Amino acid sequence: MSEYFAKINWARAIDENYIDNKYNRGHEWIFDGGITDQASSSPHVVPLPYSVEANVDPEEAFVASLSSCHMLFFLSVAAKRRYVVDSYVDDAVGIMEKDNDGKISMTKVTLRPYVQFSGDKKPTTEQLEKMHHQSHEQCFIANSVKTEIVTEIIV
């Protein structure tokens, strides 16, 4: 078993009434490794100026978490198969809508990985598909959510 920690830090500004629901949703995510990220509610959920558009929102972080986990397993799978990966770019997108129970949720995340290889040994499209499938099966985050996760491999 492993444990993971994040500290979430928010404070009301002195001039905010708060109970009128007009308060800033900007806050910090503080991680045990020393990184602090500026976070906020999504402007799609809480309109500006009460959200901070430049900050990371939980929905974006959710998509990034799935993409990052998939990529890290993919890099491991590729290395074990002796493929040299030069770069990996994923333009992932998440869809938030009502689910089958009528609740707003992240119903689908589409990963769109583009991987560049070098060297003499490069995977075929079929091998690439198998590697992405294996990465998806191993991803801890994907295994933890009910969200549909689709991988559209960019070649």
Side-chain angles (χ1 to χ4, degrees), residues 1-13 15-78 80 85 87-115 123 125-155:
M1 181 179 96
S2 301
E3 292 183 325
Y4 299 88
F5 302 92
K7 181 178 181 179
I8 309 305
N9 186 25
W10 174 88
R12 180 177 63 87
D15 62 344
E16 291 177 326
N17 184 21
Y18 181 74
I19 59 173
D20 61 1
N21 214 27
K22 296 180 180 176
Y23 58 92
N24 192 306
R25 272 52 166 205
H27 58 280
E28 295 178 325
W29 292 346
I30 304 162
F31 298 98
D32 61 356
I35 295 292
T36 298
D37 281 333
Q38 298 303 309
S40 175
S41 57
S42 167
H44 296 291
V45 177
V46 176
L48 300 172
Y50 307 110
S51 290
V52 183
E53 191 169 20
N55 292 9
V56 176
D57 61 62
E59 296 81 7
E60 292 170 326
F62 180 78
V63 173
S65 179
L66 285 165
S67 175
S68 181
C69 186
H70 182 94
M71 179 200 69
L72 292 167
F73 276 106
F74 181 88
L75 294 175
S76 176
V77 168
K80 286 176 184 167
V85 176
S87 67
Y88 183 110
V89 177
D90 185 1
D91 288 317
V93 62
I95 303 296
M96 195 166 71
E97 61 188 353
K98 283 189 179 180
D99 64 15
N100 293 335
D101 296 326
K103 295 180 181 181
I104 300 294
S105 67
M106 193 70 69
T107 58
K108 183 177 182 178
V109 171
T110 302
L111 307 178
R112 296 184 176 121
Y114 174 67
V115 185
T125 301
E126 183 180 325
Q127 290 167 325
L128 198 55
E129 288 171 356
K130 285 181 182 178
M131 291 164 59
H132 279 292
H133 178 74
Q134 185 177 2
S135 302
H136 175 73
E137 291 294 313
Q138 294 178 19
C139 175
F140 310 133
I141 307 301
N143 291 335
S144 302
V145 300
K146 64 180 183 177
T147 304
E148 177 188 7
I149 302 166
V150 176
T151 304
E152 295 177 357
I153 301 166
I154 309 297
V155 289

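Note that the coordinates shown come from a computational prediction; the quantities given were computed from them, not determined experimentally.
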Do you know the tightest heavy-atom contact between [X] and [Y]?
X     : Y      : result
Leu66 : Cys139 : O-SG, 4.3 Å
Ala78 : Val85  : CB-CG2, 3.7 Å
Tyr50 : Ser41  : O-OG, 4.5 Å

_Ile8, CD1 atom: more than 12 neighbouring heavy atoms under 6.0 Å_ = yes
key: Asn17 atom CG, over 12 foreign heavy atoms within 6.0 Å   = yes
Report yes if the side chains of [X] and [Y] come closer than 4.5 Å at any heavy-atom pair, otherwise no.
X      : Y      : answer
Met96  : Val45  : yes
Phe62  : Val145 : yes
Ile30  : Asn9   : yes
Lys108 : Val150 : yes
Pro113 : Thr151 : yes
Lys103 : Lys98  : no
Leu48  : Glu53  : yes
Val63  : Val93  : no

(Q) Ring centres under 6.0 Å, that's the criterion: do Phe140 and Phe73 meet it? (A) yes
- Ring center gap for Phe74 and Tyr88 short of 6.0 angstrom: yes
Nearest 0.5 angstrom please: [X] [atom1] to [Y] [atom2], how far?
X      : Y      : atom1 : atom2 : answer
Asn100 : Lys146 : CG    : NZ    : 8.5 Å
Ile149 : Ile141 : CD1   : CD1   : 9.5 Å
Gln138 : Cys69  : CD    : SG    : 9.5 Å
His133 : Ile153 : NE2   : CD1   : 11.5 Å

Looking only at the side chains, is there a donor atom on one of [X] and [Y] sitting less than 3.5 Å from an acceptor on the other?
X     : Y     : answer
Thr36 : Glu28 : no
Gln38 : Asn55 : no
Ser40 : Asp57 : no

Exercise. Does the side-chain contact (heavy atoms from CB on, under 4.5 Å) test come out yes or no for Glu16 and Lys22, once each step is laid out?
Worked result: CA-CA 7 Å; Glu16 291 177 326; Lys22 296 180 180 176; over 6 Å; no
Distance-only, no hydrogens or angles: does the [X] side chain make a donor-acceptor pair with backbone N or O of [Y] under 3.5 Å?
X      : Y      : answer
Thr147 : Thr107 : no
Trp10  : Asn24  : yes
Ser135 : Met131 : yes
Asn143 : Glu137 : yes

Passes side-chain contact (heavy atoms from CB on, under 4.5 Å), Phe31 versus Asp37? Steps please.
CA-CA 8 Å; Phe31 298 98; Asp37 281 333; 3.8 Å; yes
**Asked** Can a cation-pi geometry be assigned to Arg112 and Tyr114, taking NZ or CZ under 6.0 Å from the six-membered ring centre and within 45° of the ring axis?
**Response** no
With His132 as partner, the option from Glu152, Gln127, His70 fulfilling side chain to side chain donor-acceptor pair (under 3.5 Å) is His70
